[in-house]
Structure formats: C-alpha cells, structure tokens
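Each remark here refers to the structure printed beneath this line.
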Amino acid sequence: VAESLSAAAPVSRWRMEVAERADGVTVVNDAYNANPESMRAALEALVGLAGPRRTWAVLGPMAELGELAAAAHTAVADAARELRVGQVLAVGAPEYGARTVPDAAAAAEVLAVELRPGDVVLVKASRAAGLERVAQALLAAGATR
C-alpha cells in the first residue's frame, strides 16, 4: 500500500500540488477551489509539511458563500493564527484581517522579495481568484527539483 501511495499522482491540477524549488522553497498549489473546511485542512497540511520551517499562506477569497462569507473568512484567519502559520498574505480578500495585496501579480512580487530558502508556501483560493498564477510565478522564479 505504501509503495502504491508513494507513486500516486494528482488527478486534477492545482489540488495540493507540492513542488520544491532548487533553493528549498516548497510550493503547495491548492488554488483550484476553496471552502472553509478545505481551507482549514490545507492550513493544517501546510503546518504539518513545514515542521520547523517558515510558513506562508497566500489566501484568496472563498467564492459562493453568500452572507456567510465574512464569518467564514474570519474563521480561516482564526485557524491560521491557532495553527501558528507564520505569514498570511491575503489576495483581494481583506476579510482575513492580514496583510492584503490586490491581485496575484502583487502577491508574487511580495513573495519574490520576502521568501527565504526553505520556506513553505501554501497558495489557496476559489478558482475564480486565479491564484495558480502565484504558484506558477514562484516555481518559475526558482528551478524545481
């Protein structure tokens, strides 16, 4: 079973895709979809994967939540604090109460300056946010292993 699982590959793109750059930065691209439960699960995976390394959660809006959106974004922000995620960068989603940038390009610019070798970055949002571009920029900035 372990051998089979170690050879498993993702069936769809942008769902917990993990890649490591040559400088040791790990990028977790989960930019295909987001809801409160999957956000918390992804944050837990980020912290578990990172161990003692620095963590970044690049979070965009969770779409289609209607009147529950504000409370859901606040709950995700609370989960990030509870789990001790090092840095939260909100992309077009000031409801997280974190450092906010307007779009994916701005997020990529911040990360290009502030990431250090060995950091672990989670990129997660609803598909409409287009945050896969952040993960793609991060991977393009450093050759992957």
Side-chain angles (χ1 to χ4, degrees), residues 2 4-65 69-145:
S4 293
L5 286 175
S6 68
V11 176
S12 60
R13 296 185 70 194
W14 310 326
R15 292 182 192 260
M16 294 302 285
E17 289 181 347
V18 179
E20 188 173 338
R21 298 185 340 182
D23 63 359
V25 169
T26 300
V27 179
V28 181
N29 183 356
D30 195 16
Y32 187 77
N33 201 0
N35 60 57
E37 294 80 19
S38 71
M39 283 288 219
R40 180 166 183 101
L43 292 170
E44 289 172 353
L46 167 67
V47 171
L49 177 66
R53 297 181 291 168
R54 284 191 344 153
T55 52
W56 288 79
V58 181
L59 306 178
M62 293 180 283
E64 303 171 4
L65 295 179
H73 285 88
T74 298
V76 168
D78 292 345
R81 279 189 293 282
E82 170 193 326
L83 293 166
R84 296 199 165 126
V85 172
Q87 299 287 327
V88 175
L89 183 60
V91 182
E95 305 89 355
Y96 288 117
R99 180 175 179 186
T100 303
V101 294
D103 55 33
E109 288 174 14
V110 167
L111 294 166
V113 172
E114 296 191 24
L115 281 181
R116 288 190 247 161
D119 286 355
V120 182
V121 183
L122 167 69
V123 180
K124 182 138 181 79
S126 287
R127 179 70 193 96
L131 289 197
E132 73 280 354
R133 294 178 303 216
V134 174
Q136 291 164 346
L138 290 174
L139 295 175
T144 56
R145 291 184 189 177

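Model, not experiment: these values are computed from the prediction.
- Counting only heavy atoms from C-beta outward, the side chains of Val121 and Thr26 never approach each other to under 4.5 Å.
- Taking CG of Leu122 as the start and CG of Leu49 as the end, the distance is 10.0 Å to the nearest 0.5 Å.
- Side-chain atoms of Arg133 come within 3.5 Å of backbone atoms of Gly130 as a donor-acceptor pair (strictly under, hydrogens ignored).
- Considering all non-hydrogen atoms of both residues, Ala34 and Ala125 come closest at CB-C, 3.4 Å.
- For the pair Leu83/Glu44, a side-chain contact is recorded, criterion being any heavy-atom separation below 4.5 Å from C-beta on.
- Between Thr55 and Gly86, the shortest heavy-atom contact is OG1-N, 2.7 Å.
- The existence of a salt bridge linking Asp119 and Arg116 is excluded, since no basic side-chain nitrogen approaches an acidic carboxylate oxygen closer than 4.0 Å.
- Separation of atoms CE (Met39) and CG (Asn33) is listed at 9.5 Å; rounding is to 0.5 Å.
- The minimum heavy-atom distance between Asp103 and Val91, with the atom names listed, is C-CG1, 3.4 Å.
- Side chains of Val88 and Arg99 form no contact here, defined as non-hydrogen atoms less than 4.5 Å apart.
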Run Val123 and Val28 through side-chain contact (heavy atoms from CB on, under 4.5 Å) and show every step you take.
CA-CA 6 Å; Val123 180; Val28 181; over 6 Å; no

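- Nearest heavy atom pair, residue Ala129 against residue Pro61, reads CB-CD, 4.0 Å.
- Heavy atoms of other residues, nucleotides or ligands lying less than 6.0 angstrom from CD of Glu64 number 12 at most.
- Once rounded to the nearest 0.5 Å, the distance linking OH of Tyr96 with CG of Leu89 reads 11.5 Å.
- Under a 4.0 Å N-O distance rule, the pair Arg54/Glu114 does not qualify as a salt bridge.
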Checking salt bridge (Lys or Arg N to Asp or Glu O under 4.0 Å) for the pair Lys124/Glu132: CA distance, chi angles, key distance, verdict?
CA-CA 8 Å; Lys124 182 138 181 79; Glu132 73 280 354; over 6 Å; no

For Val120 and Trp56, what are the C-alpha separation, side-chain angles and deciding distance, and is it a side-chain contact (heavy atoms from CB on, under 4.5 Å)?
CA-CA 6 Å; Val120 182; Trp56 288 79; over 6 Å; no

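- The two residues Arg53 and Gly24 come nearest to each other via the heavy atoms NH1-O, 3.9 Å.
- Scanning both residues, Asp23 and Val25, for their nearest heavy atoms gives OD1-N, 3.0 Å.
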